[in-house]
Protein chains: 2
Amino acid sequence: MAKKPPAPPRREGSLSRDRIIEAAIVLLDEAGESGLTFRALAERLVTGPGAIYWHIANKGELLIAACDAIVARAMSEARLDASPEASIRAIALGMFDAIDEHPWVGSALTHAPGQLPAVRLLERLGRSLRELGVRREREWTTVSALLSYVLGVGAQNAANRQFAFAEGLERDSFLASVSTAWSELDAAEYPFARSIAAQLSDHDDREDFLAGIDLILGGIHALT
Amino acid sequence: MAKKPPAPPRREGSLSRDRIIEAAIVLLDEAGESGLTFRALAERLVTGPGAIYWHIANKGELLIAACDAIVARAMSEARLDASPEASIRAIALGMFDAIDEHPWVGSALTHAPGQLPAVRLLERLGRSLRELGVRREREWTTVSALLSYVLGVGAQNAANRQFAFAEGLERDSFLASVSTAWSELDAAEYPFARSIAAQLSDHDDREDFLAGIDLILGGIHALT
DNA sequence: ACCTGAACACCGTTCAAGT
DNA sequence: ACCTGAACACCGTTCAAGT
């Protein structure tokens with residue numbers, strides 16, 4: 001991400017769907033969801049905004065395509081050699097890390113249900129669940145719970161990042177501010193939130209995520 | 001919510017934060033997330049767009065406030081008399097139904113992490129988990145898994161609705177179209193998605209949601 | 001204190017016109 | 001076939017001016 005010299009904006013060659021998607025990913029990574037604009041994208045590609053519409057139908061399709069590129073990469077990198085449980089952890093963790101690196105993927109995935117990116121994830125999880133020996137009648141229920149959990153955590157993590165970013169805070173100071181806000185809640189109405197506020201500041205998102213996966217795997221195990 | 005006669009657009013009395021939030025909820029329910037516009041809201045309240053800013057800082061705050069009103073209602077309605085497990089199911093189901101009725105709440109909740117609406121839910125889940133006897137060191141991990149799952153399913157359900165709505169389809173025909181899309185995927189690359197496509201059309205979202213909750217509760221039980 | 005509504009700086013998308 | 005860029009119909013938000 002920082003090896004080659006800061007090459008001048010090239011316009012060599014012509015536009016293409018892939019080139020547009022690649023540029024969109026860079027823009028999303030750099031400026032967040034609100035940074036993806038047809039004008040900004042056009043500027044980066046040295047064209048006018050209208051040119052993009054020749055290759056891509058609209059902003060929604062662009063977002064899904066960018067999201068799909070990231071998910072496909074993450075899925076192809078997940079190692080699947082070990083036990084089915086280990087594979088599920090690897091798939092889930094791969095997705096977690098991908099969303100962590102590209103927060104916009106979190107909400108993009110959630111907002112495009114049933115589309116290719118989500119199906120890629122579902123496919124991988126489903127195959128491992130089959131290996132695990134989940135009964136046919138419980139297959140749908142089980143993948144869908146796992147998928148919801150992965151997407152849920154991912155979306156929330158992404159939201160955390162974006163919320164912090166929007167307020168100009170680092171992750172730590174964002175968590176700290178939420179933590180003190182919780183500890184100042186009404187004692188009678190929010191005893192639990194108050195008492196858990198301290199643990200908020202020094203938890204590990206990745207560990208918590210995995211612990212949740214293990215909770216679900218534990219539940220699956222108990223029923224198999 | 002439906003007792004009094006269909007009163008004509010009133011402008012009696014003055015604007016207030018509560019009145020604005022109430023109107024925002026109606027607008028969101030009727031026209032979806034993209035329907036909430038300061039101009040549309042102002043029209044409904046018989047004022048100019050600027051007037052709203054006297055009572056509310058910006059659109060984000062308005063969305064969170066509207067979301068909070070719905071969550072507060074749902075939480076206060078959840079019955080908590082029975083066992084902790086039953087309480088957790090009731091809380092989760094209450095949230096599921098609330099999001100089902102007001103799909104915009106799904107993404108609003110997700111996009112405002114650590115804010116009041118999410119804390120309400122966390123508080124209720126946390127108290128029940130304590131009753132259940134979850135060990136202190138596992139409390140944070142456990143609530144956060146449960147919360148992520150609830151929000152994840154909710155957000156996805158909401159996205160389903162909105163996706164279908166945007167394409168002018170009913171839930172059933174939307175699911176049917178996704179189902180046929182999945183069954184036409186490449187056989188070598190997507191065996192699982194293809195084989196499960198059929199089950200997609202006739203599943204029950206609510207039942208699947210509860211089954212996922214039970215999976216997590218099963219995992220918690222195994223560790224307690 | 002509260003409201004008005006024009007104005008500012010943006011959006012996504014379209015489309016005639018160019019090559 | 002592919003690109004250009006002005007134009008359209010919107011946004012959220014601000015702010016002088018009114019009551």
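When distances run from any side-chain atom of L15(B) to the nucleotides dC3(C), dG12(D), dC3(D), the shortest one goes to dC3(C).
The shortest distance between the side-chain N/O atoms of H55(B) and the OP1/OP2 oxygens of dC3(C) is below 4.0 Å. An OP1 or OP2 oxygen of dC2(C) is reached within less than 4.0 angstrom by no side-chain nitrogen or oxygen of S14(B). The phosphate of dC2(D) (OP1 or OP2) has a side-chain N or O of W54(A) nearer than 4.0 angstrom.
Where DNA chain C pairs in unbroken runs of 3 or more (Watson-Crick or G-U, both distances under 3.5 Å), the stems are C:4-8 with D:12-16, C:12-16 with D:4-8.
For the pair E101(A) and R73(A), the salt-bridge criterion is not met [side-chain N within less than 4.0 Å of a carboxylate O].
Classification of the Y149(A)-F209(A) ring pair by plane angle, with boundaries at 30° and 60°, yields parallel. The aromatic rings of H203(B) and W140(A) sit tilted, their planes meeting at an angle between 30° and 60°.
Summarising the geometry, the separation between CG on L41(A) and P on dC11(C) is reported as 12 Å, rounded to the nearest angstrom. At whole-Å resolution of the value, CG in L62(A) and P in dC11(C) are 15 Å apart. Atom-to-atom, CD of E43(B) to P of dG5(C) comes out at 13 Å; the value is rounded to the nearest Å. Computed from coordinates, the L36(B) CG to dC11(D) C1' distance equals 12 Å when rounded to whole Å. Rounded to a whole Å, the CZ atom of R17(B) is 14 Å from the P atom of dC2(C).
Counting heavy atoms from C-beta outward, F192(A) and L129(B) have side chains that stay 4.5 Å or more apart.
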task = Could you encode protein contacts along nucleotides 13-19 of chain C as a string, one character per nucleotide from 5' to 3', using B for base contact, S for sugar-phosphate-only contact and - for no contact, with a heavy-atom cut-off of under 4.0 Å?
result = BBB----
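Residues passing the side-chain contact (heavy atoms from CB on, under 4.5 Å) test with T37(B), sequence neighbours excluded: R39(B), A40(B).
Heavy-atom neighbours of E43(B) CD from other residues, nucleotides or ligands within 6.0 Å: at or below the threshold of 12.
Considering CZ of F174(B) and CZ of F163(B), their distance stands at 6.0 Å, rounded to 0.5 Å. The structure places NE2 of H55(A) at 5.5 Å from CD1 of I20(A), a figure rounded to the nearest 0.5 Å. Atom CG of L116(B) sits about 11.0 Å away from atom CD of E123(B), to the nearest 0.5 Å.
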